[in-house]
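Numbers here simply count residues along the sequence, with the first being 1. As the structure lists them, so they are numbered: ligands from 1, and atoms in each ligand from 1.
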Amino acid sequence: MLIKADLHIHTVLSPCGSFDMSPENIISRVKALKLDAIAISDHNSIYNALAVKEIGEKEGVKVFYGMEAQTIEEVHILTLFEDWKRIENFYSEIYPHLPNIENDPDYFGDQIIVDKDENVIGEEKKLLANSLELSIEELVELVLKYGGFVIPSHIERERYGLLTNLYKVPDILKDSIMEISYNANLEEIFKFYPFLKSYSLISNSDAHYPDDIGRAYTEYEVSEINLKQIYKAAKEGKYRVIRK
Ligand SMILES: [Zn+2]
Ligand SMILES: [Zn+2]
């Protein structure tokens, strides 16, 4: 079957995420767009995915647990998991590598954890808009150790993109699929980085506001809606990027 998936969505927990990015608002927008699967990927944190998953399950939307990690090289990488226990264990190894710098909500925005009814149930005190004290290699190894999947985010983007920081794909990501920005221009990208033609290049919305959701997403040919199948479909070229 052909499914529509947007695997890069932020919530109110991301300091730059809109206050309107509540679990309820996210799922209602996802339903309106008829997306089959999404991943919640807040900056260096995981906790709001639970409430989105709870609502998504009732509404027939598959929700994957994720995080958008920022490595020491200032590169953003999506880390996606199927199973809550696994991402929780993974995150317990990540969190100590998040610098002990307190968030200033007035400057960066609040970092709020909510339940499905939009009750505030927690707040992240450490600033999430920061680089983990982990290299790309160390991060990827941890993701694989816990059975997750990696997709470098918006690799061609000037800020926090893999290629604009490193100008090449490090060995540990050679077999990875790659995300290009929601508004990326493939022709331009291939002009700068011709070697990318051999990679599977998917897109997601990287939504920080409800209206952003689905501004780009990817269709995958899968037999079941799970990350393994989605990743496999991407690797085998059984995907199509849709941009609004
Ligand atoms: Zn990013
Ligand atoms: Zn993002």
Legend entry - Closest approach to the Zn ion (ligand 2) by D206, given as the N, O or S atom name: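 This residue's closest N, O or S atom turns out to be OD1.
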Inset, instruction - Taking the Zn ion (ligand 2) as the reference point, name the nearest N/O/S atom of H10. - result: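 This turns out to be NE2.
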Legend entry - Donor-acceptor side-chain pairing of S131 and Q70 below 3.5 angstrom: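 The answer is yes; a qualifying pair exists.
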Inset, instruction - Using distance alone, with no hydrogens and no angle criterion, decide if E73 and S135 have a side-chain donor and acceptor under 3.5 Å apart. - result: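 No.
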Legend entry - N, O or S from H154 under 2.8 Å to the Zn ion (ligand 2):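 Given the 2.8 Å cut-off, H154 does not count as a ligand of the Zn ion (ligand 2).
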Inset, instruction - Output yes if H8 passes the N/O/S-under-2.8 Å test against the Zn ion (ligand 1); output no otherwise. - result: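 It does not; every qualifying atom lies at 2.8 Å or beyond.
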Inset, instruction - Output yes if E68 passes the N/O/S-under-2.8 Å test against the Zn ion (ligand 1); output no otherwise. - result: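 Checking the Zn ion (ligand 1) against E68, an N, O or S atom does fall under 2.8 Å.
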Inset, instruction - Evaluate side chain to side chain donor-acceptor pair (under 3.5 Å) for S14 paired with Q111, printing each intermediate quantity in order. - result: CA-CA 6 Å; S14 290; Q111 303 180 153; over 6 Å; no
Inset, instruction - Looking at H76, pick out the N, O or S atom nearest to the Zn ion (ligand 1) and give its name. - result: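 Restricting H76 to its N, O and S atoms, the minimum distance to the Zn ion (ligand 1) goes to ND1.
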Inset, instruction - Is it possible for you to say whether I172 and L134 belong to one hydrophobic cluster, with membership spreading through side-chain heavy-atom contacts below 4.5 Å? - result: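 Same hydrophobic cluster.
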Inset, instruction - Compute the ring centroids of F81 and F149, then answer whether they are less than 6.0 Å apart. - result: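 No: the rings miss the under 6.0 Å criterion.
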